Amino acid sequence: PRLGDRSSGNGNSPSRGSAVPGSVPDVSPALWYTPPMYFDALTLAAIAAELRATVLDGRVQDVLPAGPLDIGLEIYAAHERHYVLLSADRHTPRVHLASAKLRRGVETDSPLLLRLRKDLEGAFLTDIRQPPFERVLELVFENVAVGEVKLIAECFERRANLVVVQAGLVRECAVRV
């Protein structure tokens with residue numbers, strides 16, 4: 001019998017869940033499944049405060065497609081590159097700083113991505129707003145050529161969206177309703 005083989009019946013086989021090199025622990029899926037983080041208004045307020053401390057007044061260098069409904073922003077602020085991930089995924093909507101450089105996640109560019117590249121590349125992040133007790137985050141950018149552009153992240157499960165607003169008009173969104 002091989003090490004970790006439970007069918008030997010000789011009593012020398014490793015016990016359930018033991019960590020023997022070369023063996024695969026017998027663990028039920030309920031023990032390794034991690035549910036997505038609950039993203040409420042207080043969590044978003046903490047993230048907004050972190051974004052204000054790190055990327056406010058930074059310049060957008062690149063807009064990346066991190067996934068089908070995910071957008072990544074490379075922002076240069078305080079002599080450092082920071083990566084902000086915004087997601088309109090209906091199961092895990094979120095906005096957060098990424099610890100590593102974001103990679104391209106899809107082959108084709110969405111209309112939202114094209115609009116953001118046109119309006120945000122070279123723009124400065126001038127304000128980060130969150131209405132009280134709401135799961136909505138508003139990133140305000142100032143671009144010399146275009147003017148003020150708002151990227152609004154609505155972090156509601158099943159109804160998440162990313163919306164680009166310019167001059168009071170909705171210019172593009174991730175999910176059309």
Side-chain angles (χ1 to χ4, degrees), residues 34-157 160-175:
T34 305
M37 184 177 90
Y38 186 69
F39 208 85
D40 60 359
L42 295 176
T43 304
L44 192 60
I47 290 171
E50 181 183 23
L51 290 174
R52 282 186 202 102
T54 55
V55 297
L56 193 62
D57 297 325
R59 181 179 177 271
V60 178
Q61 291 188 323
D62 198 9
V63 181
L64 304 161
L69 295 173
D70 302 341
I71 298 293
L73 301 175
E74 180 182 309
I75 300 177
Y76 186 78
H79 307 290
E80 207 175 323
R81 285 186 183 141
H82 302 278
Y83 299 93
V84 178
L85 178 70
L86 299 103
S87 177
D89 183 65
R90 63 184 302 244
H91 298 294
T92 56
R94 63 195 182 279
V95 176
H96 63 86
L97 282 172
S99 58
K101 183 176 180 176
L102 298 173
R103 302 285 179 213
R104 185 176 184 87
V106 293
E107 292 298 318
T108 59
D109 294 340
S110 67
L112 174 67
L113 179 73
L114 297 174
R115 184 68 182 199
L116 287 174
R117 281 185 177 157
K118 176 185 172 216
D119 292 346
L120 296 188
E121 285 186 358
F124 288 91
L125 179 60
T126 57
D127 197 9
I128 299 171
R129 303 178 193 145
Q130 180 195 13
F133 308 110
E134 290 290 335
R135 287 180 286 174
V136 174
L137 190 66
E138 195 174 291
L139 304 174
V140 182
F141 297 90
E142 189 67 38
N143 190 336
V144 177
V146 184
E148 184 180 273
V149 178
K150 296 178 187 175
L151 176 57
I152 301 170
E154 299 172 344
C155 299
F156 305 112
E157 286 184 7
N161 209 350
L162 299 173
V163 182
V164 179
V165 176
Q166 184 182 13
L169 299 173
V170 174
R171 297 295 183 181
E172 193 59 61
C173 59
V175 179

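Computed from a predicted structure; not experimentally measured.
Every residue two or more places apart in sequence or in another chain that forms a side chain to side chain donor-acceptor pair (under 3.5 Å) with R115 is listed here: D119, Q166. The side-chain contact (heavy atoms from CB on, under 4.5 Å) check on A123 picks up F141, N143, with sequence neighbours excluded. Shown here are the salt bridge (charged side-chain N to carboxylate O under 4.0 Å, His left out) partners of R104, two or more places apart in sequence or in another chain: D109. Residues that satisfy the salt bridge (charged side-chain N to carboxylate O under 4.0 Å, His left out) test with E154, not counting sequence neighbours, are absent from this structure. A search for side chain to side chain donor-acceptor pair (under 3.5 Å) contacts involving E172 returns R176, not counting sequence neighbours. D70 pairs by the side chain to side chain donor-acceptor pair (under 3.5 Å) definition with S87, not counting sequence neighbours.
When all heavy atoms of P65 and R117 are compared, the closest pair comes out as CD-NH2, 3.7 Å. Nearest heavy-atom pair across A88 and A174 is CB-CB, 4.1 Å. Looking at every heavy atom in both residues, A160 comes nearest to P93 through CB-CB, 3.5 Å.
Considering only heavy atoms from C-beta on, V84 comes within 4.5 Å of I75 through its side chain. Contact of the L85 side chain with the V95 side chain is not registered, since no non-hydrogen atoms from C-beta on lie closer than 4.5 Å. Taking 4.5 Å as the limit, every side-chain heavy atom of V164 sits out of range of all side-chain heavy atoms of V170. Side-chain contact between R171 and V165: absent, with no pair of heavy atoms (C-beta onward) separated by less than 4.5 Å. For the pair L151/L116, a side-chain contact is recorded, criterion being any heavy-atom separation below 4.5 Å from C-beta on.
Residue pairs meeting the salt bridge (Lys or Arg N to Asp or Glu O under 4.0 Å) criterion with at least one member in residues 54-68, sequence neighbours excluded, do not occur. Every pair passing salt bridge (Lys or Arg N to Asp or Glu O under 4.0 Å) that includes a residue from residues 76-103 is listed here, sequence neighbours excluded: E74-R81. Counting only residues at least two apart or on different chains, the salt bridge (Lys or Arg N to Asp or Glu O under 4.0 Å) pairs with a member in residues 129-140 are D127-R129, R129-E138, E138-K150.
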Chi angles and distances behind the side-chain contact (heavy atoms from CB on, under 4.5 Å) call for L69, V175: CA-CA 8 Å; L69 295 173; V175 179; 4.1 Å; yes
Using the rule given for side-chain contact (heavy atoms from CB on, under 4.5 Å), can you reason through V136 versus Q130, listing the C-alpha separation, both sets of side-chain angles and the distance that settles it, and then say yes or no? CA-CA 6 Å; V136 174; Q130 180 195 13; 5.9 Å; no
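For the atom pair H96 NE2 and C155 SG, the distance stands at 10.0 Å (nearest 0.5 Å). Separating the SG atom in C173 from the CD1 atom in I152 is a distance of 11.0 Å, to the nearest 0.5 Å. Interatomic distance, CD of E121 versus CG of L73, reported as 9.5 Å (0.5 Å rounding).
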Please set out all donor-acceptor pairs under 3.5 angstrom arising from side-chain atoms of residues 45-56, sequence neighbours excluded.
unit_1 : atom_1 : unit_2 : atom_2 : d
R52    : NE     : I128   : O      : 3.1
R52    : NH2    : I128   : O      : 3.0
T54    : OG1    : E50    : O      : 2.9

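For the side chain to side chain contact (heavy atoms under 4.5 Å, CB included) test with L113, the passing option among V63, V106, T108, L64 is V63; the others fail.
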